[in-house]
Number of protein chains: 2
Amino acid sequence: MTARTPKPARRPNVAEALAEAIFSGDYQPGDFVPKELALCEQFAINRSAVRSDLRQLVDVGIIERISGHGSKVREYAEWNILDPLVTEWLTRYAAPNPKIQREILAFRLDVEPYVAMTAAKRATARDLVAIEEAFEGMGQNLHNASCPEERRLHSDYDVAFHAAIFKATHNIVWSQLSHILRPSIYLLVSMSNVSATDPEDSLERHRQLMESIRARRPRDAFLAAQAVLAGTAQALGLDAPESSLGHDLDIA
Amino acid sequence: MTARTPKPARRPNVAEALAEAIFSGDYQPGDFVPKELALCEQFAINRSAVRSDLRQLVDVGIIERISGHGSKVREYAEWNILDPLVTEWLTRYAAPNPKIQREILAFRLDVEPYVAMTAAKRATARDLVAIEEAFEGMGQNLHNASCPEERRLHSDYDVAFHAAIFKATHNIVWSQLSHILRPSIYLLVSMSNVSATDPEDSLERHRQLMESIRARRPRDAFLAAQAVLAGTAQALGLDAPESSLGHDLDIA
DNA sequence: AAGCTGCCATATGTCGGACATTTCGGCAAT
DNA sequence: ATTGCCGAAATGTCCGACATATGGCAGCTT
């Protein structure tokens, strides 16, 4: 039986499809998505399945179900952008939501230097292995940047690199927050055709960050993370506004 | 018809009930919760309703549904503790999860000083109103601490106070993270009978934090937030381990 | 004419039963 | 002892029906 299972064609994912439509702007906050029966017809599945998927969108705060009236898209501020599923959708469809992307990047500018500093204090050998593997993956997929597949791989390793640093804090909350990295890192890739930054420079900054963590030098890790993020912000056309943490405190 | 609607008795919330059982330790990671039909019988509702509620637990990462086998409780690390619903349940039933509580408090020790500093730079008049109202609510519900109702009110204002500071950063991610405050603040209350800290001292520290933000003094706000959190950590029997951000950077 | 009341259409919420699919465990043949 | 098949048990999906909540319109009252 070399033939694979003849029907891996599972049922269509209504949540996924609606998420794409909403994130792409087809439906905006305040709009109503099609009613259940319409979705049943459109996707050729039963109401139970449709309702199950709509429940997922409710649980992440994207839509609000009004009994007897319909399902309304909620305001962006009400979305659970910390939910892994939402960040996953943001990475794929969020081009038309530049505001959220900017806020996420601002958040990263805020916290990543601090996370790097904490990681430098608590990282174990196992954490360093994860960080190093991700780093090497970034390096190996840095050449012919014209190949989309390779650029995607590079981004995956980039995400893994930063996520590994978050995990090295050995704190559940920080670790789960690493999901927020994915959208902005992928956004960087999708715009990298116009990116003016030198990939080699970026890799070198990542190396310095990694080495600072390995050497358990929290302050160097803090500064190195600032440098990495500043590069990212610049590539996305955002001047690092005020990563003035060090500045304000050094006044002391 | 002075009689109210005779049946506001809505259907039992299976998700809520199961969450309480899981958070209380009746079911632990790896265990299987009762099968759908058993829950139908136990709560006297239909399978559709049961499945809808189970879907909610799946969406927040608490359980995992294995087709044809059952619903298994996932490891704590896989729970979406950043989801508002999960933090809500944590505030109510999390007594038997001291590990998660400690990690949340460690996270707060990490970020709240920085959040306070950022708020001091960006807070608008409207933000200050929210902070001040919460502060006054804390003060007015500080007397006879023996009254449980008043202690609950005090906690609510305490949460509102810290959440208002998070919102004053004017960043979506920070604002949504304020949900994480609730569990540890409520935990403090539930243990306050053995708390040795003076409520007046705590209130005074909060006042200094508020005034630093109002006066736009980021560094003072940073230090004041550290003082507030140190008090909280001490009351919960945790020495502030290493809020050494300032320390490490001041070495510079 | 303005405002209120009550009815009706619409869409979601719940119910009950049925069948399909997946998983696991046991039994039997190799 | 291993492999393969079969069947029990639980979840996934489907179908049809009724209950409930919401919004708007018609008609009546004032």
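From a predicted model like this one, the values you see are computed outputs, not experimental measurements. Naming: A, B, ... by sequence-line order, numbering from 1 per chain.
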Atom pairs under 3.5 Å, N or O on each side, protein against nucleotides 22-24 of chain D: can you list them with distances?
unit_1, atom_1, unit_2, atom_2, d
D:dT22, O4', A:Ser67, O, 3.4

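- The closest side-chain donor-acceptor pair between B:Thr169 and B:Arg122, if any, does not fall under 3.5 angstrom.
- With sequence neighbours excluded, the residues that form a side-chain hydrogen bond (donor to acceptor under 3.5 Å, both in side chains) with B:Arg65 are B:Glu36, B:Ser71.
- At whole-Å resolution of the value, NZ in B:Lys35 and P in C:dT23 are 19 Å apart.
- A pairwise comparison of heavy atoms in B:Ala116 and B:Ile213 identifies O-CG1, 4.1 Å as the closest pair.
- C:dT12 atom P lies 13 Å from atom CD of A:Glu64, rounded to whole Å.
- In this structure, the CD atom of A:Glu36 is 11 Å from the C1' atom of C:dT14, given to the nearest Å.
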| query | What's the verdict on side-chain contact (heavy atoms from CB on, under 4.5 Å) for A:Ile81 and B:Gln176, showing C-alpha distance, side-chain angles and the deciding distance? | reply | CA-CA 8 Å; A:Ile81 58 178; B:Gln176 296 208 3; 3.9 Å; yes
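- Considering only residues two or more places apart in sequence or on other chains, B:His162 meets the side-chain hydrogen bond (donor to acceptor under 3.5 Å, both in side chains) condition with B:Glu112, B:Asp158, B:His206.
- The distance from atom CD1 of B:Ile45 to atom C1' of C:dT14 is 9 Å, rounded to the nearest whole Å.
- The separation between A:Phe43 atom CZ and D:dC14 atom C1' is 18 Å, rounded to whole Å.
- Going from atom CG of B:Leu39 over to atom P of D:dT11 covers 8 Å, rounded to whole Å.
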| task | Would you check, one step at a time, whether the test side-chain contact (heavy atoms from CB on, under 4.5 Å) holds for A:Arg74 with A:Ile62? | result | CA-CA 6 Å; A:Arg74 301 179 73 181; A:Ile62 291 182; over 6 Å; no
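- Among the protein residues, A:Leu37 comes within range of no part of the nucleic acid, since none of its heavy atoms lies under 4.0 Å from any strand.
- A heavy-atom distance below 4.0 Å to DNA chain D is reached by these residues of residues 46-61 of chain A, ordered by number: A:Asn46, A:Arg47, A:Ser48, A:Ala49.
- Among pairs with a residue in residues 26-51 of chain A, those fulfilling ring-ring contact (aromatic ring centres under 6.0 Å, His included) read A:Phe32-A:His69, at least two apart in sequence or across chains.
- A:Glu41 places its CD atom 16 Å from the C1' atom of D:dC15, with the value rounded to the nearest Å.
- Listed by first then second residue, pairs satisfying ring-ring contact (aromatic ring centres under 6.0 Å, His included) with a partner in residues 165-190 of chain B read A:Phe107-B:Trp174, not counting sequence neighbours.
- Ion pairing of A:Arg92 with A:Glu16 is present here, as a side-chain N (NZ or NE/NH1/NH2) and a carboxylate O approach within less than 4.0 Å.
- Distances shorter than 4.0 Å separate some side-chain N or O of A:Arg65 from OP1 or OP2 on C:dG13.
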